[in-house]
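Scroll down for the structure; my scribbles are underneath it.
Computed from a predicted model, the values in this text were never measured in an experiment. Reminder, nothing fancy here: chain letters follow the sequence lines and each chain counts from 1. In what follows, every heavy atom counts, from backbone to side chain, and hydrogens, waters and symmetry copies are set aside.
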Amino acid sequence: MASHKDSCSLNNKVRVRFAPSPTGYLHIGGARTALFNWLFARHHQGEFILRVEDTDSSRSTEEYIDAIIDSMEWLELNWDEGPYRQTDRFSIYKSYVEELLKKGKAYPCYCTPEELDQRRQDALSQGKPPKYSGSCRTIAEPIQGKPATVRFKMPQEGQIVVDDLIKGSVIFENNQLEDFIILRSDGAPTYNFVVVVDDIDMEITHVIRGDDHLNNTPKQIHIYKALGREIPVFAHIPMILGADKARLSKRHGSVSVMAYKEMGYLPDALANYLVRLGWSHGDQEVFTKKELIRYFSLGAVGKSAAVFNPEKLLWLNSQYINKSESRVLAEMVMPFLVRKGIVSEGERLDMEWLSKAIESLQERSRTLIELADSLRYYLLDYVEIDQEAKKKFLSRDMDRLAELKERLSGLALFTAAEIEKVFISMAEKHNIKLGDIAQPARVAITGNTVSPGIFEVMEIVGHEKALKRLSKVVEEA
RNA sequence: GUCCCCAUCGUCUAGCCCGGCCUAGGACACCGCCCUUUCAAGGCGGUAACAUGGGUUCAAAUCCCAUUGGGGACGCCA
């Protein structure tokens, strides 16, 4: 689709923001919104701003703020400004509330939460829209000493058009909109108001967010108008759903970004997967960060919601592991090796050797956890032998394994090529297939029936450990 | 209930804006085959979709309308 649409009417530098509320961990959906904003900013050489929407003091926590930041950092979504905190900016909001009050575009409301709740219930049960009546609009003089909120005076006739980059022109009837609260009785401003003030104050040019905000947009545009400010470009991106097409939530499995880190996913793989949910570039599936920045365009973002598919993410992760530098993987897998007790905390490994071991496992590991599990038989002295495998491959012809051990121990060069020669000559001598000797050896060395090529495995495991393991199974047979 | 959004294989999507090149392309998953010391990776092939009904048109997946289905929003949450 027309990518020129993205850049029309921007003489100024692109400034976008990601504005999570710290009432939970960064989840998959939020991460994608952040990613789209980040890509848009980087594509246009604009600025990406992080803003924490913590005006709900009862639900926001420091812990969540830190967790969101950790997740953003892990995904390498670096920001140019912030993190700003709305709780640091209350005086700014106050001044804007004053402005609206002075202009007669807002008014105090003395209705109590209980009254409002009751009216809402009544309206809903009668099948009527639960809209605020506007009863306090006509109160001429402020009532001293009575707790009040401040409501925005919404135009009650006409239409408002949201010109959305993704959804197109969306028309709302003003009489559907209510005089919503912009300032709580405790003096804290509310979301639909602060978001506008902040976007004005931070000179945000493009508001890119989930389409669950589309319905808020007409209210917000009216605030811009009442304040006489320029309206930014809106782009409402479709949501991510679970397999049952319901809004993605905990019951669909892991939804927090950090859970994917724990499960051994690479940040770039997750980002690649997420960006492809709603966005595409022809038939391409795997992108480098550079390519994403170069190709990304809001015009190529689809309109419909996407179902999160963990299997495709797993496949993408395997692609990333496969093509990553083994040195990089070596660093990344360390915490997993420690967690599994394969390596002890602070233990130094020969990283060159570890990289070599990893290279043999890259194309058969889909996550860092799988990689760490396989690394077990390279690192430990002895391996636990799978009982099934033992029964099948280590219950007969043990003479051959003994012979193999003898011949290998005489090898001057313990390399895959030399080891292979021994296997081949044994197969020829006994007139058996290579697998007939390779499989028992594999079980003896790795403890299981599945591994990279056994000659290569033996070389990496090394002369000493390999022979020790062979001896052990021969003795125990 | 009211308002808003959406609708191509099971899933992610290309194609739709600018109708013919679409007997609808790619990817995940699934199923075969090849390769092979196991498992992968890789290669080759297969099953599988334009929600329905009306228009408009010489021609519609593509434009219009309706229906149905799904999602979202209606808070002194964000």
The nucleotide from B:G75, B:C6, B:A78 with an atom nearest the side chain of A:Pro130 is B:G75
Please report, rounded to the nearest Å, how far the P atom of B:A14 is from the CG atom of A:Asp283. 10 Å
Output the single nucleotide from B:A7, B:U2, B:C4 whose closest atom is nearest the side chain of A:Leu214. B:C4
Under a 4.5 Å cut-off applied to non-hydrogen side-chain atoms, are A:Phe287 and A:Arg276 in contact? yes
Would you say that more than 12 heavy atoms from the other residues, nucleotides or ligands in this model lie under 6.0 Å from the NZ of A:Lys289, or not? yes
Is it possible for you to check whether A:Lys219 lies under 6.0 Å from the centre of the six-membered ring of A:Phe180, through NZ or CZ, and within 45° of that ring's axis? yes
Please give, in whole Å, the distance from B:A78 P to A:Leu26 CG? 19 Å
Quick one: are the ring centres of A:Phe455 and A:Phe423 less than 6.0 Å apart? yes
Among B:A78, B:G25, B:U13, the one nearest any side-chain atom of A:Asn192 is B:A78
Should A:Tyr377 and A:Arg469 count as side-chain neighbours, where that means a heavy-atom distance under 4.5 Å? yes
Rounding to a whole Å, what distance do you find between A:Lys131:NZ and B:C74:C1'? 12 Å
For nucleotides 28-38 of chain B, just jot down a letter per nucleotide in 5' to 3' order: B, S or -, based on protein non-hydrogen atoms under 4.0 Å. SS-------BB
Distance alone, cut at 3.5 Å: any donor-acceptor contact between the side chains of A:Asp198 and A:Gln86? yes
Would you say that A:Asp199 contacts A:Tyr224 through its side chain, given a criterion of any heavy-atom pair below 4.5 Å between the two side chains? yes
Taking the C1' atom of each, how far is B:C44 from B:U37, in whole Å? 24 Å
Roughly how many Å apart are B:A59 and B:G19, using the C1' atom of each and rounding to a whole number? 8 Å
Write down the distance separating the P atoms in B:C28 and B:G72, rounded off to the nearest Å. 30 Å
Produce the list of close N/O pairs, under 3.5 Å, pairing protein atoms with atoms of nucleotides 47-53 of chain B; give distances to one decimal.
none

Between B:A78 and A:Arg184, is there an OP1 or OP2 to side-chain N/O distance shorter than 4.0 Å? yes
Quick one: is A:Thr55 getting a side-chain N or O under 4.0 Å of the B:A78 phosphate, OP1 or OP2? yes
Quick one: is B:C76 close enough that its OP1 or OP2 comes under 4.0 Å of any side-chain N or O from A:Thr190? no
Counter-base of B:C77, judged by Watson-Crick or G-U geometry with both distances under 3.5 Å: none
How long is the line joining NZ of A:Lys303 and P of B:A14, in whole Å? 12 Å
Just compare B:A78, B:G26, B:A14 and give me whichever is closest to any side-chain atom of A:Ser280. B:A14
My understanding is that a pair needs two contacts under 3.5 Å, Watson-Crick or G-U wobble. By that rule, which nucleotide pairs with B:A59? none
Which nucleotide sits closest to the side chain of A:Arg247: B:G75, B:C3, B:G72? B:G72
Which whole-number value in Å describes the distance from A:Asn317 CG to B:C12 P? 20 Å
Taking only the side-chain heavy atoms of A:Asp211 (C-beta and beyond), determine which of B:U11, B:C5, B:G1 contains the nearest atom. B:C5
Figure out the CG/P separation between A:Asn215 and B:A78, and round it to whole Å. 17 Å
Chi angles and distances behind the side-chain hydrogen bond (donor to acceptor under 3.5 Å, both in side chains) call for A:Asn272, A:Tyr320: CA-CA 10 Å; A:Asn272 193 148; A:Tyr320 271 80; 2.6 Å; yes
Partner of B:C28 under the Watson-Crick or G-U wobble criteria, both distances under 3.5 Å, comes out as B:G10
Contact nearer the 5' end of RNA chain B, comparing A:Lys128 with A:Ser318: A:Lys128
Distance below 4.0 Å between A:Lys245 side-chain N/O and B:G71 OP1 or OP2: no
Please give the distance between the P atoms of B:U23 and B:C16 as a whole number of Å. 15 Å
Complementary nucleotide for B:A66 - Watson-Crick or wobble, under 3.5 Å: B:U52
Can you tell me how far C1' of B:G26 sits from CZ of A:Phe287, to the nearest Å? 12 Å
Do A:Asn317 and A:Tyr260 meet the criterion of a side-chain donor-acceptor pair at a distance under 3.5 Å? no
Got a donor-acceptor pair under 3.5 Å from the side chain of A:Glu285 to the base of B:G26? yes
Say we look at B:G43 and B:C64: how far apart would their P atoms be, to the nearest angstrom? 41 Å
Can you confirm whether A:His222 sits close enough to A:Leu177 that some side-chain heavy atom of one is under 4.5 Å from a side-chain heavy atom of the other? yes
Select from A:Arg120 and A:His213 the residue whose nearest nucleotide in RNA chain B is closer to the 5' end of that strand. A:Arg120
Between B:G20 and B:U62, how far apart are the two C1' atoms, rounded to whole Å? 11 Å
Taken to the nearest whole Å, CZ/A:Arg366 to C1'/B:A40 is 10 Å
Does the structure show a Watson-Crick or G-U wobble partner for B:C3, both distances under 3.5 Å? Name it, or say none. B:G72
Watson-Crick or G-U wobble partner for B:A41, using a 3.5 Å limit on both distances? none
Is the NZ or CZ atom of A:Arg151 positioned over A:Tyr132's six-membered ring, under 6.0 angstrom from the centre and within 45° of the axis? yes
Is A:Asp54 side chain donor-acceptor paired with the B:A78 base, going by distance under 3.5 Å alone? no
Just checking, A:Arg32 and A:Phe36: is the charged tip under 6.0 Å from the six-membered ring centre and within 45° of the axis? yes
